[in-house]
Amino acid sequence: MFGRQSRRAAVGAVSLVAVLGLAACGSSSDSGSGGGEDGDLIRVGFSQLGAESGWRTANTESVKASLTEDAGFDLNFVDAQQKQENQIKALRDFVAQDVDVIAFSPVIETGWDEVLQEIKDSGIPVVLVDRTVDTTVEDPYVTWIGADFKQEGTTAGEWVEENAPDAKIFELQGTLGSGAQVDREEGFDAVVGDQVIGKASGNFTRAEGKTAVEAALQAYPEMTMIFTHNDDMGLGAIEAIEAAGKVPGEDIQIVSVDGVRDGLQALVDKKFNYVVECNPVFGDQLAELITQVANGEDVPKETIVVDQAFDQTITQADVDARAY
Ligand code: GZL
């Protein structure tokens, strides 16, 4: 596959073609799956942020199921256990290995300038996955695939505005500084921020979500609703609410994001009231993007993964039929 020298040459050639105004000579990779133009495996370094939630587990399963050797990939998949320093180390290792493409889901938006510049200097293209980055590095990645987090927050807020206009809301935030937390909060608060009485982070995990809600129940006895940035923290909230002798979904309503199986089961069980999906199953779309990037083809700057939303009309059959 491309070595760094040929990658730089390839980039130069495309730029030259663009300047001369000649028709782009994008290759027509007929594979539709992985495999570089020369038939070699595409060597991919993937830094996954962790295994903190049902969403992340489903996303990892989808990525691994698509980036297989049979599909034309040589995948080096590294789990960072939600630690940025582990991701930065993995990214530097991928540069040292001179992989063809680097893909990663950044645990938080900031702190990547140095390593993104090192990757850019190496000529290895970056495909950003799921989470977003806030960096001073110019043009740090070729393409991003993920969900519209701000819209997810807006959708949740609009349901609250329509169905619980007097709710006193505790906002259970995801990992502070992550794109998902920042944007969901922005979308939700723009609609019903005046109903939010308190906020705290549960770091997208069930255990930390439970701990945060145990404290919130003491601090905000007037609370009638929790908006949780993911299902896993919401499931921890259910445990805390029930331990306090209250009824989740009634005494304290729960609006959530993700739509993983356990979250939708809580909706069927009437312990959640509304769930906005954030679809983690986009491995095939990612594989296609990585193939196009490796082959030097033009790709869209972003690919939005389509979401839907669920209320308590969802049935057990609906939940049983879902892929994740
Ligand atoms: C969203 C993703 C978030 C999920 C959480 O695309 O980054 O991270 O909502 C996960 O469940 O931890």
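Counting convention: from 1, in listed order, for ligands and their atoms alike. Quick caveat, the model's predicted, so the values are computed rather than measured. Counting from 1, the numbers follow the sequence of the chain as shown.
- Distance alone, capped at 3.5 Å, is enough to place a donor-acceptor pair between the Gln84 side chain and the Thr110 backbone.
- Glu214 places no side-chain N or O within 3.5 Å of a backbone atom of Glu239 that could act as its donor or acceptor partner.
- With ligand atoms numbered from 1 in the order given, ligand 1 contributes 8 (O), 10 (C), 12 (O) to contacts under 4.0 Å with heavy atoms of Glu52.
- The distance from ligand 1 to the heavy atoms of Asp258 drops below 4.0 Å at these ligand atoms: 4 (C), 5 (C), 9 (O), 11 (O).
- In this structure a side-chain-to-backbone donor-acceptor pair under 3.5 Å is missing from Glu161 to Val192.
- Between the Trp159 side chain and the Ala164 main chain, no donor and acceptor come within less than 3.5 Å of each other.
- Residue Ala147 places every heavy atom at 4.0 Å or more from ligand 1.
- With Gln195 contributing its side chain and Ala167 its backbone, the two residues share a donor-acceptor pair below 3.5 Å.
- Proximity to Ser53 (heavy-atom distance under 4.0 Å) selects the following atoms of ligand 1: 5 (C), 10 (C), 11 (O), 12 (O).
- Those atoms of ligand 1 that come under 4.0 Å of a heavy atom in Phe204, given as number and element, are 5 (C), 12 (O).
- Of the possible donor and acceptor atoms, none in the side chain of Arg184 sits under 3.5 Å from a partner among the backbone N and O of Gly174.
- Comparing heavy-atom distances from atom 2 (C) of ligand 1 across Asp232, Val129, Asp130 singles out Asp130 as nearest.
- At a heavy-atom cutoff of 4.0 Å, ligand 1 is contacted by no atom of Gln181, backbone or side chain.
- Classification of the Phe282-Trp55 ring pair by plane angle, with boundaries at 30° and 60°, yields tilted.
- Of the possible polar contacts, one joining the Gln312 side chain to the Phe272 backbone as a donor-acceptor pair under 3.5 Å is found.
- Close contacts between ligand 1 and Cys278 involve ligand atoms 1 (C), 6 (O) [criterion: under 4.0 Å to a heavy atom].
- The shortest N or O to N or O distance between Trp55 and ligand 1 is not below 3.5 Å.
- Less than 4.0 angstrom separates some heavy atom of Arg184 from each of these atoms of ligand 1: 1 (C), 4 (C), 9 (O).
- Residue-to-ligand polar distances place Arg131 within reach of ligand 1: an N/O pair is separated by less than 3.5 Å.
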